[in-house]
Every structure is written in structure tokens, then in C-alpha cells.
Amino acid sequence: AKKLGRNQYHFFTEELNQIVQNTINLDKDMRQALIDNEYCLFYQPKVDLLTSKIVGVEALIRWISPTKGFIAPNVFIPLAEENGFIKELGNWIVEEALNQHLKWKEMGIDINISINISAKQLLDKSFVPKFINTLENKNINPSKIDLEITEYMFMEESKETKNNLNKLHDFGVTISLDDFGTGYSSLSYLKKFPIDYLKVDKAFLDDFNSVDGSIFLETIVKMGQMLKMKVIAEGVETQEQIDYLKSISCDQYQGYYFSKPLSSKDFEKFYFKN
Ligand code: C2E
Ligand code: CA
Ligand code: CA
Ligand code: CA
């Protein structure tokens with residue numbers, strides 16, 4: 001038994017070393033990946049539930065490494081937030097999304113574009129002035145640009161967060177509260193911060209067939225609308241879910257049922273077919 005114990009210890013150390021090594025490599029690799037042009041943005045349509053028309057897209061980052069293959073944003077974004085690289089990567093994401101918006105506008109695809117913003121990015125002193133400056137320089141209508149933030153941003157430094165969001169909102173950019181219902185939200189946040197859209201997390205939709213699940217979803221939609229927000233359901237995969245969302249007057253949805261996130265070229269084809 002003693003021997004097994006030591007072997008196990010040995011095994012765990014090795015495994016731990018491996019994890020540490022992988023993290024260090026990933027840390028280095030994701031910085032190099034920006035230099036090597038390995039990131040790109042995919043776009044998932046946002047759809048109006050009443051008209052079934054595309055009203056906007058959400059930009060979602062993709063990292064396709066020639067050596068490691070596809071690395072999911074759920075893997076590298078949290079790491080980039082931890083090691084600070086998100087500021088650099090975030091700048092690239094904003095620049096790329098805004099350039100795409102301009103390209104599409106020229107092609108006659110004049111739709112809103114939503115950009116995911118990490119807490120660290122928003123709290124960086126230079127972010128807001130730089131963002132506003134960029135919109136001005138590129139001559140972009142701010143009401144076409146939406147920033148998606150998550151409620152856990154409200155927990156720390158909420159004064160800074162509030163000031164920054166207010167500046168962006170006053171300038172004309174819209175704000176979406178992403179993954180609503182999954183964090184440690186206090187509902188008072190909904191009145192304290194300038195939020196235009198509530199994005200209800202997929203978890204609520206997965207649960208809509210149960211009595212409790214449907215009560216939550218319907219209540220969130222009503223509450224959001226009473227607070228003058230539009231409500232967007234995330235992760236819609238079936239017609240049944242769409243019928244239900246229509247019956248409770250939800251405003252918009254996103255999900256594989258309509259379209260997965262697409263490359264810019266594939267989105268263009270999809271847009272003109274619809
Ligand atoms: P999120 O912002 O909540 O994005 C929604 C995720 O759900 C996306 O995963 C999307 O591909 C996926 N999704 C959309 N429709 C469906 C559906 O019908 N069914 C299912 N099962 N999934 C669906 P993705 O692209 O892997 O992104 C994961 C997360 O990574 C995002 O969650 C966001 O938190 C983060 N992320 C992605 N791109 C960026 C970015 O450019 N900047 C920042 N800061 N974070 C990003
Ligand atoms: Ca999002
Ligand atoms: Ca979400
Ligand atoms: Ca999420």
C-alpha cells in the first residue's frame with residue numbers, strides 16, 4: 001500500500017508538471033499566435049423573433065493553430081485574462097470587428113455588431129478613450145456597435161465599471177449583459193448600469209420544458225422589458241424553443257437552429273441567401 005501511495009504521488013507530480021508546462025507553453029504560444037495571424041473572428045447572427053430577420057451579429061474569436069489545431073476560446077480567454085494578454089488581444093478583436101463592420105457596410109450589409117469585452121479590458125484606463133477615438137476616426141455610427149459584458153464585472157471596482165460604461169453609453173454604443181442569470185447578480189445592478197440588452201444564458205432555455213424553468217424564463221423576459229431592455233435568448237437549437245420564446249414575447253435569439261458562428265465569407269453568403 002505504501003508503494004502504491006508513493007507511485008501515486010509520483011504520478012500526480014508528473015501530471016501537475018505537465019499541466020504547469022502546458023500552461024506556460026500556451027501562455028507563450030497565444031502571444032506568438034497574434035504575431036503569426038492565427039486568430040480570426042467568426043460571426044453568429046442575432047435574429048428578431050417576430051420577423052425572423054437578422055438584426056446583428058456577435059463576433060466570436062477563433063484560434064486555429066497549425067500545430068495544435070483548434071483551441072476553444074473557453075480555454076485561452078480565461079488564461080489571457082489572467083496573464084494580461086487580453087488587453088493586446090482585446091485591442092485586436094475590437095479593431096478587426098470594426099474593420100469588418102466597415103467592409104460589410106460598403107457591401108450593403110449594414111447590421112449591428114456585438115463585441116465581447118473582458119472585465120480587465122474595460123477597466124484598463126486607456127480602453128474607453130481609445131475605443132471612442134477609433135469610432136470617430138473610422139467614422140462609425142456608434143449605435144451600430146454593441147459591447148457584451150458579464151455581470152461578474154459589477155462585483156469589483158463597480159464605480160470604475162459604471163463610469164466607463166456610462167461614457168460608452170453616452171457616446172451612443174449599446175451595452176449587452178451576457179450570460180444573464182449565471183453569475184452572482186443582484187437585480188439592483190440592472191438599474192445601476194446602462195444596459196440595453198439582456199442575454200439570457202442557454203441554461204434557462206435547456207430547462208424551459210420544466211415548470212420551474214419556464215417560470216424563470218418568462219419572468220426574466222417580462223422584467224427585462226419592464227426595465228426597457230430587449231431580451232435575447234442564447235443557444236436556441238429547436239423550433240419548439242422558438243415557438244415558446246415567441247409565446248412569451250422574447251425579442252431576439254441566437255443559436256445553432258438559425259446558424260452556427262460563421263467565417264466572414266460564409267456569413268456574407270448566408271446573409272444574401274436570407
Ligand atoms: P459567449 O459570449 O456566451 O458566447 C456564446 C457561446 O455559445 C459561443 O461559444 C457560441 O459558439 C456558443 N453557441 C451559440 N449558439 C449555440 C447553440 O445553439 N448551442 C450551443 N451549444 N452553443 C451555442 P464560443 O464561440 O466557443 O465562445 C465561448 C466563450 O468564449 C464566449 O461565451 C465568451 O465568453 C468567450 N469569447 C469568445 N469570443 C470572445 C472574444 O472575442 N472576446 C472575449 N473577451 N471573449 C470571447
Ligand atoms: Ca457573448
Ligand atoms: Ca453568453
Ligand atoms: Ca458564456
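Since this is a predicted model, take the numbers as computed values, not measurements. Both counts, for ligands and for their atoms, begin at 1 and track the order of listing.
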- Task: Pull out every atom of ligand 1 sitting under 4.0 Å from any heavy atom of Asn74, numbered as shown with elements.
- Result: 28 (C), 29 (C), 30 (O)
- Message: Tell me if a side-chain donor or acceptor on Asp251 pairs with a main-chain N or O of Val231 at a distance below 3.5 Å.
- Response: yes
- Which is it for Glu58 and ligand 1 at heavy atoms under 4.0 Å: side chain, backbone, both or neither? side chain
- Task: Of the side chain and backbone of Asp179, name the one, both, or neither that has a heavy atom under 4.0 Å from an atom of ligand 1.
- Result: side chain
- Can we call the ring centroids of Trp104 and Phe267 under 6.0 Å apart? yes
- Lys120 and Asp124 ion-paired at < 4.0 Å: no
- Message: Can you confirm, on distance only, whether ligand 1 has an N/O atom lying under 3.5 Å from any N/O atom belonging to Tyr256?
- Response: yes
- Message: Between Glu268 and Lys265 (salt bridge meaning N to carboxylate O under 4.0 Å), is one present in this structure?
- Response: yes
- Item | Option with minimal heavy-atom separation from atom 41 (O) of ligand 1, where the choices are Ile93, Ile77, Ile86 | Ile93
- Ring center gap for Tyr43 and Phe270 short of 6.0 angstrom: no
- Query: Is the closest N or O pair between Glu81 and ligand 1 shorter than 3.5 Å?
  - Reply: no
- Item | N or O contact, Glu148 vs ligand 1, cut-off under 3.5 Å | no
- In terms of heavy-atom contacts, does NZ of Lys144 have more than 12 from other residues, nucleotides or ligands at under 6.0 Å? yes
- Taking atom 15 (N) of ligand 1 as the point of reference, which of Lys199, Lys202, Gln44 owns the nearest heavy atom? Gln44
- Message: I want to confirm something. Looking only at heavy atoms, which of Pro73, Ala59, Gly235 is nearest to atom 30 (O) of ligand 1?
- Response: Pro73
- Worked check of side chain to side chain contact (heavy atoms under 4.5 Å, CB included) between Phe131 and Lys167: CA-CA 11 Å; Phe131 186 80; Lys167 271 182 215 153; over 6 Å; no
- Task: Answer yes or no: is there a donor N or O on one side and an acceptor on the other, between the side chain of Gln225 and the main chain of Ser249, under 3.5 Å?
- Result: yes
- Task: Pick, from Leu60, Val236, Asp201, the option with the minimum heavy-atom distance to atom 4 (O) of ligand 1.
- Result: Leu60
- From the Ca ion (ligand 2), how many protein N/O/S atoms are found at a distance short of 3.0 Å? 4
- Query: Less than 4.0 Å between a side-chain N and a carboxylate O, is that true for Glu95 and Lys138?
  - Reply: yes
- Ion pair check, Lys68 and Glu38, cut-off under 4.0 Å: no
- Query: Which bit of Gln254 is near ligand 1, meaning a heavy atom under 4.0 Å away: side chain, backbone, both or neither?
  - Reply: neither
- Message: Using a 4.0 Å heavy-atom cut-off, which part of Lys260 comes near ligand 1: side chain, backbone, both, or neither?
- Response: neither
- Query: Thinking salt bridges, do Lys269 and Asp266 make one under a 4.0 Å N-O criterion?
  - Reply: yes
- Could you tell me which atoms of ligand 1, counted from 1 in the order shown, lie closer than 4.0 angstrom to a heavy atom of Gly255? 15 (N), 18 (O)
- Give the numbers and elements of all ligand 1 atoms closer than 4.0 Å to a heavy atom of Ser118. 44 (N)
- With sequence neighbours left out, write down each residue that passes side chain to side chain contact (heavy atoms under 4.5 Å, CB included) with Thr67, or none if nothing qualifies. Ser65
- Could you tell me whether Gln121 and ligand 1 have an N or O pair separated by under 3.5 Å? no
- Task: Mind telling me whether Trp63 and Phe76 have parallel, tilted or perpendicular rings, with 30° and 60° as the class edges?
- Result: perpendicular
